[in-house]
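Taking it in order: structure first as structure tokens, then the write-up.
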Amino acid sequence: MSEILGGLPKQFDPNLLVGYDSSDDAAVYQVSPDVAVIQTTDFFPSMVKDPYDFGRIAATNALSDVYSMGGKVITALNLVGYPDNTQPLDNLAQILKGGAEKVLEAGGVLAGGHTIRQSKPLYGLAVAGVVHPDKIVTNNGCKPGDALIATKKLGVGIVTTAHNKNLISQAAFDEAIQFMTTLNKYAAEIMLDYQVTACTDITGFGILGHMIEMVEDHASAVVEAAKIPYIEGAYEAAKANLTTGGAKRNRQYYEDQIDFQIADPAMEEILFDPQTSGGLLITVPEDQLASIMQAYQEANIQAAHIGYITQQQEKAIIVK
């Protein structure tokens with residue numbers, strides 16, 4: 001995709017503060033000295049059987065990019081693909097209900113949308129947010145010495161894949177649904193009280209892929225495997241070789257940039273697992289680590305200190 005985008009006509013607008021020439025989560029356009037607009041979109045086919053849960057997950061995922069950039073959601077538009085005559089419209093109503101509830105919880109306004117005929121249901125949102133131009137959080141500002149924090153547990157890709165094959169417990173699946181439908185709004189609100197140097201949300205590239213984007217060309221990251229938060233059922237499934245195609249693709253693409261100093265294939269699968277509506281990956285100066293972790297604990301928000309940023313090394317990521 002980067003090669004395709006590189007072939008598009010070049011454009012320059014000083015008000016475009018973040019565009020597609022970076023690996024950031026959303027575009028940011030300044031409209032006044034105090035206001036910049038964040039624009040993002042995401043949609044995908046269902047990975048769960050319940051249409052209401054699908055709507056909540058897809059909306060939570062689409063809204064997340066605004067939070068990872070330090071912004072506030074203002075509006076959202078539905079993006080819908082739905083088959084003719086092969087699935088009941090009641091299911092579509094449940095998808096839209098789930099999505100609308102999450103937009104409302106985010107404090108945004110659902111302002112319309114667009115629907116096409118599609119053989120398999122697709123759903124997501126086009127989202128607009130606002131942020132002060134001086135308070136934009138990008139994904140590549142981390143510095144050596146910064147601490148790495150991950151919110152939400154990993155492993156939802158493994159869990160949902162295994163659940164669709166009836167190969168994992170309902171408890172593990174329910175835990176995955178809980179994380180996938182939790183807005184990153186709450187973790188971001190606490191994050192913004194600190195001197196965050198970088199942030200991204202953990203989605204399809206897995207935690208390692210998104211971490212590589214954070215340190216690319218200027219730093220490396222050391223990850224402590226024992227501190228990684230994960231759904232227990234996902235780890236057990238990975239030990240039983242219940243993995244995903246997305247994790248295999250992530251491994252093929254990123255493996256040569258990672259130094260695994262652990263002998264734990266199941267943990268490797270967790271780290272490569274693509275996340276749907278994953279948590280935030282945050283870097284903060286080490287002297288603020290204890291305070292932000294205490295704030296997350298007091299707010300009952302899942303957060304874990306998983307490693308730190310170092311000077312650039314031979315490999316982008318060291319997992320020990």
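Throughout, numbering of the chain's residues begins at 1 and tracks the sequence. Fair warning: this is a prediction, and the values are worked out from it, not measured in the lab.
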Stepwise side chain to side chain contact (heavy atoms under 4.5 Å, CB included) test for Ile149 and Thr283: CA-CA 6 Å; Ile149 298 168; Thr283 59; over 6 Å; no
message: Strictly distance-based, threshold 3.5 Å: is any side-chain N or O of Tyr194 a donor or acceptor partner for the main-chain N or O of Ser291?
response: yes
Side chains of Asp42 and Leu125: closer than 4.5 Å at any heavy-atom pair? no
(request) Go through the steps for Leu122 and Leu79 under the test side chain to side chain contact (heavy atoms under 4.5 Å, CB included), then give the verdict. (result) CA-CA 8 Å; Leu122 298 171; Leu79 301 173; over 6 Å; no
Side-chain touch Cys199/Ser68, heavy atoms, less than 4.5 angstrom: yes
If we ignore angles and hydrogens, is there a donor and acceptor under 3.5 Å between the side chains of Thr40 and Asp65?
yes
For residues 270-316, the ring-ring contact (aromatic ring centres under 6.0 Å, His included) pairs (sequence neighbours left out) are Phe260-Phe272
**Study point:** Donor-acceptor contact below 3.5 Å, side chain Asp273 vs main chain Ala234
**Key:** no
d(Lys185 NZ, Lys102 NZ) to nearest 0.5 Å is 11.0 Å
Practice item. State, yes or no, whether a side-chain contact exists between Ile207 and Gln275 at a heavy-atom distance under 4.5 Å. Key: no
Sorted by chain and residue number, the ring pair (Phe, Tyr, Trp, His ring centres under 6.0 Å) partners of Tyr230 (sequence neighbours excluded) come out as Tyr235
Q) Is there a side-chain contact between Asn140 and Met214, using heavy atoms and a 4.5 Å cut-off? A) no
So ring-ring contact (aromatic ring centres under 6.0 Å, His included) across residues 124-166, not counting sequence neighbours, yields His163-Phe173
Can you tell me if Gln312 has over 12 outside heavy atoms packed within less than 6.0 Å of its CD? yes
Check your understanding: Does some side-chain heavy atom of Asn91 sit less than 4.5 Å from a side-chain heavy atom of Tyr52?
Key -> no
### Query
Does Ile309 belong to the same Ile/Leu/Val/Met/Phe/Trp/Tyr cluster as Val222, with side-chain heavy atoms less than 4.5 Å apart forming each link?
no
Exercise. Is Glu268 paired with Arg251 through a side-chain N to carboxylate O contact shorter than 4.0 Å?
Worked result: yes
* Side chains of Asp174 and Gln170: is there a donor and an acceptor less than 3.5 Å apart? -> yes
Point to revise | Pair Lys143 + Asp146: basic N to acidic O under 4.0 Å | key: no
| message | For a quick check under 3.5 Å, do Asn250 and Gln252 share a side-chain donor-acceptor pair by atom type? | response | no
